[in-house]
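Got a structure for you, questions after.
Counting starts at 1 for both ligands and their atoms, following the listed order.
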Amino acid sequence: MALQKTKTLMIEAKELNFSYFDTTVLKDIAFSIKKSSICAILGPNGSGKSTLLKVLDKLLKPQKGTVLIENENLDKLSLRMAAKKIAYLSQETDISFSFSVFDIVLAGRAHNVGYLSQPSRQDLEIAQKAISLVGIDHLKNKIYTQLSGGQKRLVLIAQALAQQAKILLFDEPTNHLDFSNQYVILNLIKNLIKNNHLTAIITLHDPNLAVWFSDTIIMIKNGSLLNYGPTKTIMTAQNLSELYDEKITILNNNNRLFIMLSEIV
Ligand SMILES: Nc1ncnc2c1ncn2[C@@H]1O[C@H](COP(=O)(O)OP(=O)(O)OP(=O)(O)O)[C@@H](O)[C@H]1O
C-alpha cells in the first residue's frame, strides 16, 4: 500500500520475511513510513513486533525482502553507516558495569569514534546536549546501575539521541514504568521527535497510548500485517477486535478515544 510519494518516505519495507531456524515469524511485511512521523506497532504477544524492529535495525537479516532507508537499501549499508541513521532502544538493556550516566550516553557516539580513539570534544558536547534535552542533568554523574527503572529508560533515550540518528526504534519503552511515567516518557519522546524532525517506530502494548502517541499504526498478527495506515483511520473497534481476538469497544469523549475490552465497559 503506497501511501506517500517516495521522496517524503523515510522507511520502506517490502515483502519482509524472517524465520528463526524453521519457524517463520514475519510473513510478507510491507509498509512505508513518512519522514518526521511516529509509527506505533501493535500486536499480541509473540506476533513478531520485536523481530520486526530488529530487522529494521539490521540486527537480523531477513531471508527475503528489502528495507529502504531514504531510498537506500539497508542491506548495503555498513553497520557503522546504519548506526548513523538508526538508533534502537531494546526492551531490556542489561548493563551491569558501574558506568556513569554520562558514559552510558556517550556510548551512543561509538559509531563515530574510531577504533582505539578517544571521543572528540564534539562527541562530548553531543552527549551533554542529549542529556539536557532529556532533562537528566541532575543524574549525569550517578552510576547507571543504581538508578530506578524509569531513570534508566531516560538515560537510554538520551543515548539514542546522542547517536544523532534520524530514525529511532523503541521496543516497548514504557516497560516497567508506572502509570504516570508511561505518559511522561512517551510525551518526552513525542516532543523530541516532533521538535527535531525525527522519525520513530515504537512497539506498544496499550492501544490507548498508541492512539494518543502515533501518526500511523502497523498491526501485526501471527507475523502478518493485518492493517496499517493513519492512526485515526485504522483504530477501529473492528480492527482491534480482530487483532487481539477480543471484543473491543471504543468510547469517544470530545474526540479523545478510550479503548477497552467490551466485557468491562
Ligand atoms: N531468538 C529467537 N529464537 C527463536 N525464536 C524466537 C527468538 N526470538 C523470538 N522468537 C519467537 O519469534 C516469535 C515473535 O517474537 P517477538 O519477540 O518478535 O514477538 P513480540 O510481538 O515482540 O512479542 P511480545 O509482545 O511478547 O514482546 C515468537 O514466537 C518468539 O517465540
Side-chain angles (χ1 to χ4, degrees), residues 11-33 38-67 69 74-75 79 82 86-95 149-150 152-153 156-157 160 167-179 181-183 185-186 189 199-214 216-229 231 234-235 239-248 259-261:
I11 304 170
E12 243 186 308
K14 296 179 180 174
E15 289 182 59
L16 284 183
N17 284 260
F18 180 82
S19 305
Y20 291 106
F21 305 101
D22 54 355
T23 308
T24 302
V25 173
L26 298 177
K27 299 164 204 158
D28 289 329
I29 301 282
F31 57 84
S32 52
I33 296 174
I38 300 176
C39 173
I41 305 180
L42 290 178
N45 288 127
S47 53
K49 302 180 296 294
S50 300
T51 303
L52 176 58
L53 282 195
K54 287 175 188 165
V55 167
L56 296 177
D57 191 44
K58 210 175 154 77
L59 289 170
L60 296 175
K61 186 175 163 55
Q63 282 83 6
K64 193 180 149 217
T66 27
V67 177
I69 306 292
L74 181 63
D75 197 37
L79 285 176
I86 307 164
Y88 167 66
L89 188 62
S90 69
Q91 239 180 73
E92 305 286 346
T93 305
D94 200 12
I95 298 170
K152 283 180 178 165
R153 283 270 127 192
L156 296 176
I157 291 168
I167 299 169
L168 299 172
L169 307 175
F170 292 105
D171 201 355
E172 290 178 40
T174 52
N175 235 0
H176 306 306
L177 295 180
D178 67 39
F179 178 67
N181 262 335
Q182 292 189 11
Y183 278 90
I185 288 199
L186 282 185
I189 292 176
T199 303
I201 306 182
I202 178 164
T203 67
L204 288 169
H205 277 301
D206 185 347
N208 287 291
L209 292 177
V211 80
W212 160 73
F213 182 75
S214 66
T216 56
I217 301 249
I218 290 174
M219 292 183 175
I220 294 190
K221 187 175 183 182
N222 296 327
S224 296
L225 191 82
L226 196 62
N227 273 301
Y228 102 96
T231 301
I234 215 169
M235 278 301 219
N239 285 345
L240 286 164
S241 300
E242 193 183 350
L243 182 66
Y244 293 110
D245 285 325
E246 289 284 353
K247 200 158 186 305
I248 285 174
I259 300 157
M260 50 192 98
L261 292 179

- Item | For His205, the ligand 1 atoms whose distance to one of its heavy atoms is below 4.0 Å |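 Checking each atom against His205, I get 25 (O).
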- Message: Among all the protein's heavy atoms, is there at least one whose distance to atom 7 (C) of ligand 1 comes out below 4.0 Å?
- Response: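 It does; a protein heavy atom is within 4.0 Å.
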- Which protein heavy atom lies closest to atom 17 (O) of ligand 1, and at what distance to 0.1 Å?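 So the nearest neighbour among protein heavy atoms is Ser50 CB, 3.7 Å.
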- Item | Exam field: side chain Asn239 to backbone Ile234, donor-acceptor pair closer than 3.5 Å |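 Checked: pair present.
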- Under 4.5 Å between any side-chain heavy atoms of Phe213 and Ile38, yes or no?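 Phe213 reaches Ile38 side chain to side chain.
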- State, without any angle test, whether Tyr183 and Thr174 hold a side-chain donor-acceptor pair at a distance under 3.5 Å.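 No, because no side-chain N or O of Tyr183 sits under 3.5 Å from a partner of the opposite role on Thr174.
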- Crowding at CZ, Phe179 (>12 non-hydrogen neighbours, <6.0 Å):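 Open: at most 12 neighbouring heavy atoms sit under 6.0 Å from CZ of Phe179.
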- Task: Compute the minimum heavy-atom distance from Pro44 to ligand 1 and say whether it is under 4.0 Å.
- Result: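 Yes, Pro44 has heavy atoms under 4.0 Å from ligand 1.
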- ligand 1 contacted by Lys54 (non-hydrogen, < 4.0 Å):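 Contact absent.
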- Query: Of all the non-hydrogen atoms in the protein, which one sits nearest to atom 19 (O) of ligand 1, and at what distance?
  - Reply: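 The answer is Gly48 N, 3.3 Å.
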- Query: Judged by non-hydrogen atoms, does Ser47 sit under 4.0 Å from ligand 1?
  - Reply: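 In this structure, Ser47 qualifies as a contact of ligand 1 - some heavy atom is under 4.0 Å.
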- Task: Find all atoms of ligand 1 within a distance of less than 4.0 Å from any non-hydrogen atom belonging to Glu172, and give their numbers and elements.
- Result: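 Contacts of ligand 1 toward Glu172, numbered from 1: 25 (O), 27 (O).
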- Return yes if some donor-acceptor pair links the side-chain N/O of Thr216 with the main-chain N/O of Gly229 below 3.5 Å, else return no.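 Side chain of Thr216 to backbone of Gly229: no pair is present.
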- Under a 4.5 Å cut-off applied to non-hydrogen side-chain atoms, are Leu53 and Ser50 in contact?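 Side-chain contact under 4.5 Å: no.
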- For atom 25 (O) of ligand 1, what is the nearest protein heavy atom, given as residue, atom name and distance?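 The closest heavy atom on the protein side is Lys49 NZ, 2.7 Å.
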- Which ligand 1 atoms does Val25 reach within 4.0 Å, using its non-hydrogen atoms?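 Ligand 1 atoms under the 4.0 Å threshold to Val25: 12 (O), 13 (C), 14 (C).
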- Between Asp171 and Thr203, is any side-chain donor less than 3.5 angstrom from a side-chain acceptor?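 Judged by distance alone, the side chains do pair up.
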- How far is atom 23 (O) of ligand 1 from its nearest protein heavy atom, and which residue and atom name does that atom have?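 Answer, as residue, atom name and distance: Gly46 N, 2.8 Å.
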- Message: Under a 3.5 Å distance rule, please check whether Glu12 uses its side chain to pair with a backbone N or O of Ile69 as donor and acceptor.
- Response: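 Not confirmed, Glu12 side chain does not pair with Ile69 backbone.
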- Protein heavy-atom partner closest to atom 10 (N) of ligand 1 - residue, atom, separation in Å: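 Its nearest protein heavy-atom neighbour is Tyr20 CE1, 3.4 Å.
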- Message: Applying salt bridge (Lys or Arg N to Asp or Glu O under 4.0 Å) as the test, list every pair that has at least one member in residues 43-63; sequence neighbours left out.
- Response: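 Output for this query lists Lys61-Asp75.
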- Item | Protein heavy-atom partner closest to atom 26 (O) of ligand 1 - residue, atom, separation in Å |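 Of every protein heavy atom, Asn45 ND2, 2.9 Å lies nearest to atom 26 (O) of ligand 1.
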- Query: Which of these, Thr51, Asp171, Leu52, Val55, has its nearest heavy atom closest to atom 15 (O) of ligand 1?
  - Reply: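 The nearest heavy atom belongs to Thr51.
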